[in-house]
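Quick note: numbers below take in every heavy atom, side chains included, and nothing from hydrogens, waters or symmetry partners. Lettering follows sequence order; numbering is per chain, from 1.
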4 protein chains.
Amino acid sequence: MTDSKRRGRPPGDASADTAQRILDTARRLFAERGYAETTIKLVAARAGLTSAALYHYHPSKLDLYVAVHAECRQRFLAVLDAAQATALTFTDKVLAILDASERLQADDPIVGWFTASARVDVARRPELQAALRRGSDWWTQLCRTVVDTGVSTGELRADDHAVVMAFLSALLLGLGETAALDERLHARALAGSRLVLDAVLRGRLGRAAELVP
Amino acid sequence: MTDSKRRGRPPGDASADTAQRILDTARRLFAERGYAETTIKLVAARAGLTSAALYHYHPSKLDLYVAVHAECRQRFLAVLDAAQATALTFTDKVLAILDASERLQADDPIVGWFTASARVDVARRPELQAALRRGSDWWTQLCRTVVDTGVSTGELRADDHAVVMAFLSALLLGLGETAALDERLHARALAGSRLVLDAVLRGRLGRAAELVP
Amino acid sequence: MTDSKRRGRPPGDASADTAQRILDTARRLFAERGYAETTIKLVAARAGLTSAALYHYHPSKLDLYVAVHAECRQRFLAVLDAAQATALTFTDKVLAILDASERLQADDPIVGWFTASARVDVARRPELQAALRRGSDWWTQLCRTVVDTGVSTGELRADDHAVVMAFLSALLLGLGETAALDERLHARALAGSRLVLDAVLRGRLGRAAELVP
Amino acid sequence: MTDSKRRGRPPGDASADTAQRILDTARRLFAERGYAETTIKLVAARAGLTSAALYHYHPSKLDLYVAVHAECRQRFLAVLDAAQATALTFTDKVLAILDASERLQADDPIVGWFTASARVDVARRPELQAALRRGSDWWTQLCRTVVDTGVSTGELRADDHAVVMAFLSALLLGLGETAALDERLHARALAGSRLVLDAVLRGRLGRAAELVP
DNA sequence: CATGAATGAGGGTTCATTCAT
DNA sequence: GATGAATGAACCCTCATTCAT
């Protein structure tokens, strides 16, 4: 009536925080390999489970991805938003964001990598786009808040709003890319960005070399 | 296999035509969906062939990707390098590159998209990395050339070489990203970049709004 | 496991309640979807348990099926056999069976559906066949009893025994099918059957239309 | 670049009529095991292919089923409709259908089995229902045609139309069931049916035993 | 009794690739 | 050059079942 091969849960096994281990593993793998190339089986194996067990926590690959995405977005947003909120002017807000993202990247680089990686995956796969429609523009929102501040403090002309937002987006995107490419490059690009922003926004031009550790 | 047809292609040669159609189709699909999600069958179908027939032109998916990549790199490099070569100073070279990339993007957006898309795919897949090792750093090379010029003209301090290169890389990468995301965003980010560079490099600050069409 | 609770079940006993709920749910699902398509998890969920909990009541899916099957057979047999026993002649016994099956169907249609559904499932799966070998021919037995009576009362020739049994089986099977397909169709088919049997067995031919409600 | 294990079509293999072999195998397996229990892999193996190769002929399991279903329906309908068309009265048409179905069953029993088996599978699975909506009522249509004839020839009262159709359906369904259960039972049930119909429709009652081979 | 977590064994399907024609 | 037919390797997901609590 029952097969000779053992089916069912094996005896002697109980490990907590499996859920978090799954998320951590998935985040790293999604970041490194992207959505398509990351198999559920591999995530499960790296987290110490069978793929079937993983389905106990997330009902589908897409759901797993969404969960990871949400977690990353939240962590990113919490840090950057807090940083931006501590500053009062446009200039300070931008620089605070740079600082915060640098700290986050140093603290847990995978969050940043995943975020960069996710951008292309989401753009490529309509299913992900659909599943993530809500809250996927936090990035733009953040930029808008900062630029709005700039306009209201008089640092920026209202006319320049769109262009500044676009430039800021491009710069932050580019910094994210360098973070994914090479740690040293990222550090230098950050230094350069601070320098340039300082020059443009405060009118003083420093020496780049002094800024890089 | 495609090399012999490239120059002096006889008019009405169906084979050369097919070869180019394959490359065009593949470029677009690789750009839109990435490497893993693009199937040989789909490329073939869109190009009007069977997948088996495609193997007459490219011996494997990876080879096809490499071919597309090489073609794009060459086209990109030709344009940007020519543009940079016409200018004499760092400042002018950078602005020339911006102009040229904007023209290229307007002319054939897919080349730009593919380039952005390829970055992540290559980073993700070791096989691609291995196959593309040669010539994959043209990007860095170009930046280096330009920054070198800046140092030799005295526009930049030698100490700042690395930081400026990193900043330039980040900015150009970010602009590439915006190009892939949204045409208008890209246009504005370009305008903003010109403005900022002008301000930093020439010390004059214009109004952003005037630059956007 | 369920046997002990069956008679004299103490009022308010949750366990016996659960057991019956499981059987009811399973009967309906097995009837509607068949054996393979009915998952233990779904039965459990509909009965308000976990699938693991269901295993406290039935040690395997097959056992659950067997339990449902036995229950249905018993209920069916009890009704039909009682009905048949009240009549003395072949003709009356057959008509009594038709009446009784109609009442049963009206009372709890799922029992009939399950019985029809079970026939194919058992025929399809050797495991079920093996597990149900005992008592799975109650159907034939019932027919035989009735036909035997016909022979002994002189209504049927002994030579015709086999053919009449086969015809009766076919007709009852067919009626069961119509019951599963459509209620109205079943009602009409029953009416037609009564008419035809009356004509053949008693030599009087009525109007069909008068028999259908 | 290519794996060590051989991928692709193996050398030295070319067999025609694969398509028909697939249909034959699938018909038998679907008939014997039903939809859910029949795996694509098994069909393929029995037909001498890999499951992947089967997808070259039918894009999904459901499509394969639909193909088999259509083929069976067509064969069934062709035979029964031709038989019915040769007769002019209701009585003769019904008996002709019985004869034809008996011949078909003797000729290729699997068609009949599949048809009986398909009924429950289609009823159970909404997907099949949806896919087969067109032409799934050929059965009813055939009955209607025959009964219509009976009314127009005066053999049946118009009032009895519905009841006769229902009875005929039930009887034919039941005969189909016996065919699936046991060959001898089917033969006897057919004989009994002829007898009963003759008695009811022509008013003469024969001896059943003479009709069975 | 009941549950949550876990497993092995598939099941349908896709895909890059290859061979014969 | 081009095509249809074929393959092995995966991939996502489901399911009956079991164990610890």
Colleague: Specify the separation, in whole Å, of atom CD of C:E127 and atom C1' of F:dC15.
Modeller: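 Atom CD in C:E127 sits about 14 Å away from atom C1' in F:dC15.
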Colleague: Under 3.5 Å for both donor-acceptor distances, Watson-Crick or wobble: does F:dC13 have a partner, and if so which one?
Modeller: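 The base-pairing partner of F:dC13, which may sit in any strand shown, is E:dG10.
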Colleague: Between OG1 of C:T38 and CG of C:D121, what distance do you get to the nearest 0.5 Å?
Modeller: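 These two atoms lie 8.0 Å from each other.
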Colleague: Could you check how far NZ of A:K41 sits from C1' of E:dT14, rounded to whole Å?
Modeller: 15 Å
Colleague: Consider the side chain of D:Y55, meaning its heavy atoms from C-beta on, and name the nucleotide among E:dG12, F:dA2, F:dT18 that approaches it most closely.
Modeller: E:dG12
Colleague: Can you measure A:D17 atom CG to E:dG4 atom P for me and round it to whole angstrom units?
Modeller: 19 Å
Colleague: Is there a donor on the side chain of D:H56 or the base of F:dA6 sitting less than 3.5 Å from an acceptor on the other?
Modeller: no
Colleague: Look up atom CG in C:L23 and atom CD in C:E71, then write down how far apart they are to the nearest 0.5 Å.
Modeller: 5.0 Å
Colleague: Rounded to whole Å, please give me the gap between OH in C:Y35 and P in F:dC15.
Modeller: 14 Å
Colleague: Whole Å only: how far is the CG atom of C:L62 from the P atom of F:dA16?
Modeller: 12 Å
Colleague: Under a 3.5 Å limit for both distances, which nucleotide forms a Watson-Crick or G-U wobble pair with E:dT17, could you say?
Modeller: F:dA6
Colleague: Quick check for you: to the nearest 0.5 Å, what is the distance between C:E37 atom CD and D:R124 atom CZ?
Modeller: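 Atom-to-atom, C:E37:CD and D:R124:CZ are 5.5 Å apart.
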Colleague: Closest approach to the side chain of C:K61, judged atom by atom: which nucleotide of F:dT17, F:dC13, E:dA6 is it?
Modeller: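 Nearest listed nucleotide: F:dT17.
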Colleague: Check the orientation of C:Y35 and C:Y65. Use parallel for under 30°, tilted for 30 to 60°, and perpendicular for over 60°.
Modeller: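 The rings of C:Y35 and C:Y65 stand perpendicular, inter-plane angle above 60°.
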Colleague: Separation of B:E37 atom CD from F:dA10 atom P, in whole Å?
Modeller: 19 Å
